[in-house]
Colleague: 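My questions will all concern the structure given below.
Values reported hereafter were calculated over all heavy atoms of this structure, with side chains retained and with hydrogens, waters and symmetry mates removed.
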Amino acid sequence: MQLVVARIGRAHGIKGEVTVEVRTDEPELRLAPGAVLATEPASTGPLTIETGRVHSGRLLLRFEGVRDRNGAEALRNTLLIADVDPEERPEEPDEYYDHQLMDLDVVLADGTEIGRITEISHLPSQDLFIVERPDGSEVMIPFVEEIVTEIDLDEQKAVIDPPPGLVDDRAEVASQRDADAEDGN
């Protein structure tokens, strides 16, 4: 199975280094020197990582055969793709790869079907499951422990305990002022 692990950014310096937007939780494993990565577009790869270092909080990579700024700049916006065994699991028990979560059925604790995970959005503050409901509409579920109470890969389901209003219209009134506004007072 192939997974996008990074996107090449702008050139850094004049010796062929590039900045990298990391798209993996395991950069030390996927983006280590010696790693051979497929690319999108395919015509720019495969690329072999020669060196890697962190500079000002940003990962910088240099690839074999890329020795100058022009060569580095030509790689800009290229996606780096790693081959991953589909059975491989992250080291931490509560961590998952995106491909393991895709297409899981999302259900309430009582078994009520909510939908199916069709996309995972990685935001700075948290990850979101984009869930397609049986009627074709979508709902966003924050992937946080308080809401997603269980991931069962064997049963292919994610059990959620959503707050009122997240997946239905049972929103609680937050204050008396809001209740008055709803009543027209």
Colleague: Write down the atom of Thr112, the atom of Asp110, and the distance for their closest heavy-atom approach.
Modeller: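 Distance-wise, the nearest heavy atoms are OG1-OD1, 2.6 Å.
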
Colleague: Under a 4.5 Å side-chain heavy-atom rule over Ile, Leu, Val, Met, Phe, Trp and Tyr, are Val159 and Ile120 clustered together?
Modeller: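 No: no chain of side-chain contacts under 4.5 Å links Val159 to Ile120.
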
Colleague: Which heavy atom of Ile151 sits nearest a heavy atom of Ala158, and at what distance?
Modeller: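 Closest approach of Ile151 to Ala158: CD1-CB, 3.7 Å.
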
Colleague: Kindly check if the number of other-residue, nucleotide or ligand heavy atoms within 6.0 Å of CZ (Arg53) is above 12?
Modeller: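 Yes - once you tally the heavy atoms of other residues, nucleotides and ligands closer than 6.0 Å, there are more than 12.
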
Colleague: Nearest heavy-atom pair of Val144 and Gln126: which atoms, and what distance?
Modeller: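 Between these two residues, the closest heavy atoms are CG1-OE1, 3.6 Å.
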
Colleague: Working to the nearest 0.5 angstrom, can you tell me the gap between Asn70 CG and Ile14 CD1?
Modeller: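 If I round to the nearest 0.5 Å, the distance is 11.0 Å.
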
Colleague: According to a 4.5 Å side-chain heavy-atom criterion applied to Ile, Leu, Val, Met, Phe, Trp and Tyr, with indirect links allowed, do Val107 and Leu101 form part of one hydrophobic cluster?
Modeller: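 No; tracing contacts between hydrophobic side chains, which count when under 4.5 Å, never links both residues.
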
Colleague: With heavy-atom distances below 4.5 Å as the criterion, would you say the side chains of Phe63 and Thr48 are in contact?
Modeller: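 Phe63 does not reach Thr48 side chain to side chain.
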
Colleague: Does any part of the side chain of Arg133, heavy atoms only, come nearer than 4.5 Å to the side chain of Val167, both counted from C-beta?
Modeller: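 When only atoms from C-beta onward are counted, Arg133 and Val167 do touch, with a gap below 4.5 Å.
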
Colleague: Following the transitive rule for hydrophobic clusters with a side-chain heavy-atom cut-off under 4.5 Å over Ile, Leu, Val, Met, Phe, Trp and Tyr, establish whether Val5 and Tyr96 coincide in one cluster.
Modeller: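 Different clusters.
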
Colleague: When you look at CE of Met102, are more than 12 heavy atoms from neighbouring residues, nucleotides or ligands closer to it than 6.0 Å?
Modeller: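 Buried by this count: over 12 neighbours within 6.0 Å.
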
Colleague: Treating Ile, Leu, Val, Met, Phe, Trp and Tyr as nodes and any side-chain heavy-atom pair under 4.5 angstrom as an edge, say whether Val66 and Leu60 lie in one connected cluster.
Modeller: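 As far as the 4.5 Å side-chain criterion goes, Leu60 and Val66 are not connected within one cluster.
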
Colleague: Just how far is it from atom CD1 of Ile8 to atom CD of Glu21, taken to the nearest 0.5 Å?
Modeller: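 Separation between the atoms: 11.5 Å.
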
Colleague: Starting at CG of Leu37, measure out to CG of Leu79 and round the result to the nearest 0.5 Å.
Modeller: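 If we round to the nearest 0.5 Å, Leu37:CG and Leu79:CG are 11.5 Å apart.
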
Colleague: Taking all heavy atoms of Ala72 and all of Ala11, pick out the closest pair and write down the distance.
Modeller: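 Closest approach of Ala72 to Ala11, heavy atoms only: CB-CB, 3.8 Å.
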
Colleague: Between Val148 and Pro142, which heavy-atom pair has the shortest distance, and what is it?
Modeller: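 Where Val148 meets Pro142 most closely, the heavy atoms are CG2-O, 3.6 Å.
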
Colleague: Short question: side chain of Arg69, backbone of Gly13 - any donor-acceptor pair under 3.5 Å?
Modeller: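 A pair under 3.5 Å: yes.
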
Colleague: Measuring from Gln156:CD to Leu104:CG, what's the distance to the nearest 0.5 Å?
Modeller: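 Result: 5.0 Å between the selected atoms.
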
Colleague: Tell me, do Ile160 and Leu108 make a side-chain contact under 4.5 Å, heavy atoms counted?
Modeller: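 They are in contact (side-chain heavy atoms under 4.5 Å apart), so the answer is yes.
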
Colleague: Rounded at 0.5 Å granularity, tell me how far OG1 in Thr19 sits from CG in Leu59.
Modeller: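 These two atoms lie 9.0 Å from each other.
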
Colleague: Could you give the distance from NE2 (His12) to CZ (Arg62), rounded to the nearest 0.5 Å?
Modeller: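 Spacing of NE2 (His12) from CZ (Arg62) equals 10.0 Å.
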
Colleague: Can you name the nearest heavy-atom pair linking Gly52 to Pro33, along with the distance?
Modeller: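 Nearest pair, atom of Gly52 first, then Pro33: N-CG, 4.3 Å.
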
Colleague: Under 4.5 Å between side-chain heavy atoms, counting indirect links through other Ile/Leu/Val/Met/Phe/Trp/Tyr residues: same cluster for Ile81 and Val20 or not?
Modeller: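 No, because Ile81 and Val20 fall into different hydrophobic clusters, even though each may have its own neighbours under 4.5 Å.
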
Colleague: Salt-bridge test for Arg67 and Glu50: reply yes if a basic N is under 4.0 Å from a carboxylate O, no otherwise.
Modeller: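 Between Glu50 and Arg67 there is a salt bridge, with a charged N closer than 4.0 Å to a carboxylate O.
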
Colleague: Checking side chain to side chain contact (heavy atoms under 4.5 Å, CB included) between Leu47 and each of Thr39, Val36, Leu61, Val18, which is the one that passes?
Modeller: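 That would be Thr39.
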
Colleague: Tell me whether the count of non-hydrogen atoms from other residues, nucleotides or ligands lying under 6.0 Å of CD in Glu28 goes above 12.
Modeller: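 Yes, because the 6.0 Å sphere around CD of Glu28 holds more than 12 heavy atoms from other groups.
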
Colleague: For side-chain contact (heavy atoms from CB on, under 4.5 Å), just list the numbers for Leu128 and Phe143, CA-CA rounded to whole Å, side-chain angles, deciding distance to a tenth of an Å, and then say yes or no.
Modeller: CA-CA 5 Å; Leu128 286 177; Phe143 186 22; over 6 Å; no

